[in-house]
> 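My structure is below; once you've seen it, I'll send some questions.
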Amino acid sequence: MATRIIPADWIKNWEKSGKHEFVQLCKNLAYKTNHDSTIKDIQAALYELCWHVIQGNFKLDLSASVLCDMMDLRDDMPSILADVFSILDIETSSLEEKNKRDHYTQLVGACLFFVPDAILKERLDPETLESLGLIKQAHQFNQKIVKIKTKLFYKQQKFNLLREENEGYAKLITELGQDLSGNITSHIVLESIKSLIGCFNLDPNRVLDIILEVYECRSDQDEFFLPLIKSYMCEPLTLCHILGFKFKFNQEPNEETPTSLYHIAAALLHHNLIELEDIYVHLMPLDASIVEEHKREITEAKQIARKLTMVVVPSEKTEDKEREKEEEKNDKAPDNQKLGLLEALLRIGDWHHAQSIMDQMPAFYATSHKAVALALCQLLHLTVEPLYRRSGVPKGAKGCLLRPLRNKRAPRPAESFEDLRRDVFSMLCYLGPHLSHDPILFAKIVRLGKGFMKEVQALKSIDDTLLSCFLSIADQVLLPSLSLMECNACMSEELWGLFKLFPYQHRYRLYGQWKNETYTSHPLLVKVKAQTVDRAKYIMKRLTKENVKPSGRQIGKLSHSNPTILFDYILSQIQWYDNLIGPVVDSLKYLTSLNYDVMAYCIIEALANPEKEKMKHDDTTISSWLQSLASLCGAVFRKYPIELAGLLQYVTNTLKAGKSFDLLILKEVVQKMAGIEITDEMTSEQMEAMTGGEQLKAEGGYFGQIRNTKKSSQRLKDALLDHDLALPLCLLMAQQRNGVVFLEGGEKHLKLVGKLYDQCHDTLVQFGGFLASNLSTEDYIKRVPSIDILCNQFHTPHDAAFFLSRPMYGHQILSKYDELKKAEKSNRQQQKVHKYVAACELVMSPVHEAVVSLHPPRVWDDLRPQFYATFWSLTMYDLAVPHNAYDREVKKLQVQVKAIEENPDVPMNKKKKEKERCTALQEKLQEEEKKQLEHVQRVLHRLKLEKDNWLLAKSTKNETITKFLQLCLFPRCIFSAIDAVYCARFVELVHQQKTPNFCTLLCYDRVFSDIIYTVASCTENESRRYGRFLCCMLETVTRWHSDRAVYEKECGNYPGFLTIFRATGFDGGNKADQLDYENFRHVVHKWHYKLTKASVHCLETGEYTHIRNILIVLTKILPCYPKVLNLGQALECRVHKICLEEKEKRPDLYALAMGYSGQLKGRKAHMVPENEFHHKEQPVRSATPVSQQNGPGTTTKPASKTEEGVSEDADRAKDKYQGAAKPVNKANSTAAKVTTTHSTRDDKEKSGKEKKEKKEKTPGNTLETKGESRREKQRDERGAGGKEERAPREGKEKTPKADRDKQKAEEKNSKEDNKAKAGNGEPKEPSRERDTGAKESKSKEKGGDRSAMSGSLKSPVPRLESAESERDHKRRKLETHSSPSHSSSVKVSMA
């Protein structure tokens, strides 16, 4: 024993205290209320006492006396002691110690006088009984036991049937069949039955059987028969045997168990007259057979599904169908008595026993039989009725009232939502997908769920347990049941009424379970899935643009029940065939709201499929399946009212994970839903329209006139705001741009990285534009933080941060302006402008302070924060009004109105509507134009007031321009196409405003001089924007270049074209003058030359990015460049070479090159010879001595010296510019040299510089004179052959070249060293390219190829072997051009 009840001290001190303690213990145990525990404890105490006797620790006589005393405590004490002796008998018989067995035998013998012999004979072993003398022989006793048991259990009792009189049974049946409506009770009838049994000597078991037979016939009289049977029956097992015999009788092949038998069995179970375990064993079929049947059904369902997915010959299909029909006829389901009893239990409301039976069977096996499912549905109807009447009935609905069960033991009806947890939820879980048999109950459960969610929303508190229960019911019951319903659109809409109250996360989880797990849980669902796929294939094979309507109806019908399976197949087809997108989108108009939501989930699941690669196999482009799904997203979400939150959150999550492929989806959705396109292939008219207001952008700024976007854009905006995704998406996209390159693009192809970067950037621009145009001022300001927080805390790139903040500044300024106008009403224009300026100061002052933290302090030595913020905060809308674009769109609308009026086929009411629409649009555009004009005037006035404080003079103009280009111009000009135009126009505006300390000439020169590195670092789309920027800059330069009057008007008196001189012979004072028109034309020619030089370098590198980008840039600037014939020929030659080389290797480069080549040939007619592009008169050889020309005592007015190539000059030592000045017209034949230095330099340095310049002057003039005479001779002898022309020309060129080399070698070396120290020499790589080009040109010259020679950029001076270094020679070859003006360009020195 685990615990000793009798301590050892009691045995030792038995006489003193042990006996008393033991007796008291036994008394306490005997008086306990719990019967079972009392017997066990008393048995334990007696067992321990007897064991002490057997062990020899306790005297036999003492133990016998105390056991005798114990007999008075309870009536059954002898039986308890006999049980103890029985246990000890077994234990001692297996012991080897004979003395212990003897002690046991003596103990039992001492107790014989108070323990009856009969009890001992029942409990003890025959051998023990023989040793005690209770029986004579153990062997004979065993034989007698066997005989008695055989007689009791195996021999059938033979009743004397002749002795039983039929009259008794007749009277019994009459008694049971009488009318029970009066005062007849079961007690009265029972007394009569007892009398009949005694009088006619009837068998009691047969009487019970007759009672059950009558009860079966009168099964509605439960209240009479149940008490009668309960009073009559003495043994439940007997009743079970009789019922079992009845069930067994009906298990014959052609027999069918009557419903009444199931009913009485269920009633007896329900009232606990029999046990389920006892009756269950009599029912057929066996549980093992049921499990086998269930497995067979699943296997058959899978085989059917497999057949439907296989390609089968039509003849085989018909044969299979006929075979299936025959099998259905032959296979009649056998009678299942367990299911019959289960149905009966459910009908009377005995859920407890019904649940026990269903637990014995496979899941949903019982309810897969319609009768059982309907019985359970009926019980559910009764259980939920009170709660449904209180919380679920819609307004105006009546419904039919249900009578509750009279059975008081049935499940209690639910009065509150908490009561549903008691029985309803478990009933529904057992019912599972077979709720489909009762659509009314389906609707009730759904409405109860809606009532619960509305109650939760009203109380603003949620019971998580109940919510999880409803979600489980939706997952396990509602959705599977919907799959088994026959296209019930009403149920689908009813279910959506509940689902729309859940957050999309819950809904999508339900759809995921429905799609991926539910269809494998039941044989019927397996078949339904296969049938749905088969039908979907049939429809999709026949879907075209022409039959969208009938096919759409079929899709709608199929989608009401199984949308997940249908959409999964449709999406798989769209991923393969993108031409299905249009017909599919149009055919989806017959879907329910639930189906649209499921469609959104299926799209997201398809996008997130981990098994699909989002790149093509060449790893250079995005996969076509992703592009197809993105297009579908845009079209579907625009056309139909589908919730966007899930899709937007998916894109946000992928961005957060550092993946940018799925931004394609957001791009398509914004484009289709908001009508905002992002493309760099805009026409000039579209670009002009994009600088206007929102109405002009919508009418003339996009390729597709996407109308009716108001509702869809509102839905997109609401989704973003409701889920707080607007700013996170912007910030993630801005951060991901660099992540594409540095994090995501590790092993990806460079081409793909560029595309992903462009996609990320374009989507950011598009999305930001959508937010700016659709969010209200309050919403936008509330969500977008200040510029310093964006950049410093969120690490947003500066260009993106200003792009997001820009609309906010505009909103705030206009709001403040309106406030000031309301505060002081005045109609005077001047006062309005002042108020606008004041509003700008109030709004932008915090911004000026905030931007200081964005850059190091030294930046603000040249640029004022005010200038920086102004540049980044304005747009093209603020700078100019596109009057032409407004006029163009108004004229289009007028033409439309006229066409409508003249069209006789259009009905009058439609004519009226269209005319009203066009007229309203005209008025809107005119009003918008007027509003923009006033706005631009206010902005220009504000800039005029601000300009004096924009730029400081703390550093050199070169440093100022460098920072302006680095921090303002270059980042923004590649941000978007409209920003590229803005940057060019802003530079022009700063020039026109006569901004102090801003050198326009230097700015343009830095932009044009060396574009190689800028072009090489751009992506494809950035190249287009950069090309557009260069084109706009060139347009301005070309306008000034083309007409002296325009130049004098727009540049003549402007500080941007100011040059500063130093006349070395005087007292060192500074004089100022403007760059004249002819010198400006020379500078423009040099810029064209520099562009050609950079373009040729990029084309000859062989690098994919260099070639692609420069071709894109050249295509963009084609309207303004090339203008000079020989430069165009040089480009044509290089591009032709690219076409030949890349035709097989890189087809995309070949296509670009061929496109540009064709356009370039078309522009040849507009190209001019070099002497027409700028003045190329031959300078007159001056007789004035060098010392007089450049000496300190000269009285000649020095010629102005324009900046020559800021890529060479502006990058040299700070504020130090030098070069050879040449005469440019006949009137001024005396050349002058102007050298600029800082005023702090000492006189010794100045005099040394003057001496060096004197030495350089003479060879420069000689070279230029010779070069000019040579070019004139070339023009005269242009018809001569190559060999005859080259020989005399080379002879003439040798002497001047050698003379110049000998005199200038030392100076050139020192000059190169100075350049190298300043770090501003031309790049070595272009120099090498030019040298390579020179060699190629010479080889072509020897072959007599004049066209190649004329197209090359090499100097006509031949290469000579001299003491000059190779580096100097290369540089001179690059810098020396066939134009004399190029080497005589006048340098501008900026101090």
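Residue numbers start at 1 and run along the sequence shown.
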> Might you confirm whether atom NZ of Lys529 has over 12 heavy atoms from other residues, nucleotides or ligands at distances under 6.0 Å?
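No, because the 6.0 Å sphere around NZ of Lys529 holds 12 heavy atoms or fewer from other groups.
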> Could you walk me through whether Glu694 and Glu699 pass side chain to side chain contact (heavy atoms under 4.5 Å, CB included), step by step?
CA-CA 9 Å; Glu694 292 298 324; Glu699 292 298 317; over 6 Å; no
> Do Gln736 and Leu756 have side chains that get closer than 4.5 Å, going by heavy atoms?
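Side chain of Gln736 against side chain of Leu756, heavy atoms only: no contact under 4.5 Å found.
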> So Ser1023 and Asn1109, side-chain hydrogen bond (donor to acceptor under 3.5 Å, both in side chains) or not? Walk me through it.
CA-CA 6 Å; Ser1023 301; Asn1109 290 359; 3.0 Å; yes
> Could you state the interatomic distance from SG (Cys1139) to OH (Tyr1156), rounded to the nearest 0.5 Å?
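Here the interatomic distance stands at 11.5 Å.
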> Compare every heavy atom of Phe770 with every heavy atom of Ile676, then report the nearest pair and how far apart it is.
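Scanning both residues, the minimum pair turns out to be CD1-CA, 3.3 Å.
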> Just checking, Arg1025 and Phe1029: is the charged tip under 6.0 Å from the six-membered ring centre and within 45° of the axis?
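Verdict for Phe1029: no cation-pi partner in Arg1025.
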> Going by heavy atoms in the side chains, are Leu655 and Lys659 under 4.5 Å from each other?
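No, side chains not in contact.
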> Scan side-chain atoms only and decide if Tyr519 and Asn562 contain a donor-acceptor pair under the 3.5 Å cut-off.
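Result is yes, a qualifying pair exists.
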> Could you tell me whether the side chain of Arg542 and the main chain of Tyr538 form a donor-acceptor pair under 3.5 Å?
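Answer holds: yes.
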> Does Glu668 come within less than 4.0 Å of Lys672, counting only side-chain N to carboxylate O?
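A salt bridge links Glu668 with Lys672.
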> Would Phe499 and His506 count as a close aromatic pair, with their ring centres under 6.0 Å?
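Centroid separation for Phe499 and His506: 6.0 Å or greater.
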> So, for Ser561 and Asn488, which heavy atoms are closest and what is the spacing to 0.1 Å?
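That would be OG-N, 4.2 Å.
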> Please check: side-chain N/O of Ser1157 versus main-chain N/O of Met1154, any donor-acceptor pairing under 3.5 Å?
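Between the backbone of Met1154 and the side chain of Ser1157 there is no qualifying donor-acceptor contact (under 3.5 Å).
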> Using the side chain to side chain contact (heavy atoms under 4.5 Å, CB included) rule, take Leu571 and Leu632 through it: C-alpha gap first, then chi angles, then the decisive distance, then the call.
CA-CA 9 Å; Leu571 291 175; Leu632 178 74; 3.3 Å; yes
> Could you work out, with ring-ring contact (aromatic ring centres under 6.0 Å, His included) as the rule, every residue matching His723, not counting sequence neighbours?
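So His723 forms a ring-ring contact (aromatic ring centres under 6.0 Å, His included) with Tyr504.
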> Step by step, work out the salt bridge (Lys or Arg N to Asp or Glu O under 4.0 Å) result for Glu1103 and Arg1108.
CA-CA 9 Å; Glu1103 290 287 338; Arg1108 181 199 66 193; over 6 Å; no
> Determine, stepwise, if the pair Gln573 / Lys537 fulfils side chain to side chain contact (heavy atoms under 4.5 Å, CB included).
CA-CA 9 Å; Gln573 292 299 296; Lys537 287 179 180 178; over 6 Å; no
> Is it true that Asp718 and Gln714 share a donor-acceptor pair across their side chains at a distance under 3.5 Å?
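Looking only at side-chain atoms, Asp718 and Gln714 do form a donor-acceptor pair, the distance falling under 3.5 Å.
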> Report yes if the side chains of Tyr640 and Val585 come closer than 4.5 Å at any heavy-atom pair, otherwise no.
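Tyr640 reaches Val585 side chain to side chain.
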> Minimum heavy-atom separation for Val548 and Ser587, please, with both atom names.
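Closest approach of Val548 to Ser587, heavy atoms only: CG1-N, 3.8 Å.
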> Strictly distance-based, threshold 3.5 Å: is any side-chain N or O of Asp722 a donor or acceptor partner for the main-chain N or O of Ala719?
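Checked: no pair found.
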> Salt bridge check: are Asp1148 and Lys751 linked by an N-O gap of less than 4.0 Å?
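Salt bridge: yes.
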> Is the shortest distance from a Lys or Arg side-chain nitrogen in Lys639 or Asp586 to a carboxylate oxygen in the other one below 4.0 Å?
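Salt bridge present between Lys639 and Asp586.
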> Assess, by modelled atom type and distance only, whether the side chains of Glu605 and Asn516 contain a donor and an acceptor separated by less than 3.5 Å.
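The answer is yes; a qualifying pair exists.
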> Taking 4.0 angstrom as the limit, do Arg507 and Asp597 come out as a salt bridge?
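A salt bridge is present here (some side-chain N lies under 4.0 Å from a carboxylate O).
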> Are the side chains of Ile665 and Leu629 in touch, meaning some heavy atoms are under 4.5 Å apart?
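In short, these two side chains do not touch, never coming nearer than 4.5 Å.
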> Is it true that a side-chain atom of His560 and a backbone atom of Glu486 form a donor plus acceptor pair closer than 3.5 Å?
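It does not hold such a pair.
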> Would you compute the distance between atom OG of Ser624 and atom CD of Gln627 and round it to the nearest 0.5 angstrom?
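The CD atom of Gln627 is 6.5 Å from OG of Ser624, to the nearest 0.5 Å.
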> Looking at every non-hydrogen atom in both residues, tell me the closest pair between Leu558 and Ala536 and how far apart they are.
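Scanning both residues, the minimum pair turns out to be CD2-N, 3.8 Å.
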> Please check if any side-chain donor atom of Ser483 sits under 3.5 Å from a side-chain acceptor atom of Trp514, or the reverse.
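Side chains of Ser483 and Trp514: pair found under 3.5 Å.
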> Any sub-3.5 Å donor-acceptor pair from Ser712's side-chain atoms to Met673's backbone N or O?
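Side chain of Ser712 to backbone of Met673: a pair is present.
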> Is it the case that Asn653 and Gln649 place a side-chain donor and acceptor less than 3.5 Å from each other?
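Side chains of Asn653 and Gln649: pair found under 3.5 Å.
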> Is the shortest distance from a Lys or Arg side-chain nitrogen in Asp905 or Lys910 to a carboxylate oxygen in the other one below 4.0 Å?
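Result for this pair is no, no salt bridge flagged.
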> What's the separation between atom CZ in Arg553 and atom CG in Asn547, rounded to the nearest 0.5 Å?
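Nearest 0.5 Å value for the CZ-CG distance: 12.0 Å.
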> So Lys892 and Val895, do their side chains get closer than 4.5 Å, heavy atoms only?
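Of all side-chain heavy-atom pairs linking Lys892 with Val895, none is under 4.5 Å.
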> Would you find a donor on one side and an acceptor on the other, under 3.5 Å apart, between the side chain of Ser492 and the backbone of Thr592?
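Between the backbone of Thr592 and the side chain of Ser492 there is no qualifying donor-acceptor contact (under 3.5 Å).
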> How long is the gap from OH on Tyr569 to CD1 on Ile574, to the nearest 0.5 Å?
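Between Tyr569 OH and Ile574 CD1, I get 11.5 Å after rounding to 0.5 Å.
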> Taking C-beta and beyond as the side chain, do Val636 and Tyr596 meet within less than 4.5 Å on heavy atoms?
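SC-SC contact between Val636 and Tyr596 ruled out.
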> Which atom names give the shortest non-hydrogen contact between Phe803 and Gly769, and what distance separates them?
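Looks like CZ-N, 3.8 Å.
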> Going by heavy atoms in the side chains, are Gln671 and Arg638 under 4.5 Å from each other?
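Heavy-atom side-chain distance check fails, nothing below 4.5 Å.
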> Calculate, to the nearest 0.5 Å, the distance between atoms OG1 and CG belonging to Thr763 and Leu729 respectively.
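The OG1 atom of Thr763 sits 10.5 Å away from the CG atom of Leu729.
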> For Arg1028 and Ile974, indicate whether the former's side chain and the latter's backbone hold a donor-acceptor pair under 3.5 Å.
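A pair under 3.5 Å: no.
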> Just by modelled atom types, is the Thr1019 backbone N or O under 3.5 Å from a matching donor or acceptor in the Glu1022 side chain?
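The answer is yes, because a donor-acceptor pair under 3.5 Å joins these two groups.
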> Given 3.5 Å as the limit, does a donor-acceptor pair link the side chain of Gln759 with the main chain of Phe661, or not?
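Yes.
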> Are Gln531 and Asp534 close enough that some pair of their side-chain heavy atoms sits under 4.5 Å apart?
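Side chain of Gln531 against side chain of Asp534, heavy atoms only: no contact under 4.5 Å found.
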> Spell out, as yes or no, whether a donor-acceptor pair under 3.5 Å connects the side chain of Gln513 to the backbone of Asp475.
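It does not hold such a pair.
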> Under a 4.0 Å threshold between the charged nitrogen and the carboxylate oxygen, would Glu1020 count as salt-bridged to Arg1024?
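Glu1020 and Arg1024: salt-bridged.
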> Apply the side-chain contact (heavy atoms from CB on, under 4.5 Å) test between Leu720 and each candidate in Leu644, Leu648, Leu775, Leu727; give the one that qualifies.
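Testing Leu720 for a side-chain contact (heavy atoms from CB on, under 4.5 Å) against Leu644, Leu648, Leu775, Leu727 leaves exactly one candidate, Leu648.
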> Would you name the heavy atoms of Ser593 and Glu493 that are closest together and state the gap between them?
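Answer, listing the atom of Ser593 first, then Glu493: N-OE2, 3.0 Å.
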> Could you check Leu591 against Leu588 for side chain to side chain contact (heavy atoms under 4.5 Å, CB included), going step by step and ending with a plain yes or no?
CA-CA 6 Å; Leu591 303 188; Leu588 296 178; 3.8 Å; yes
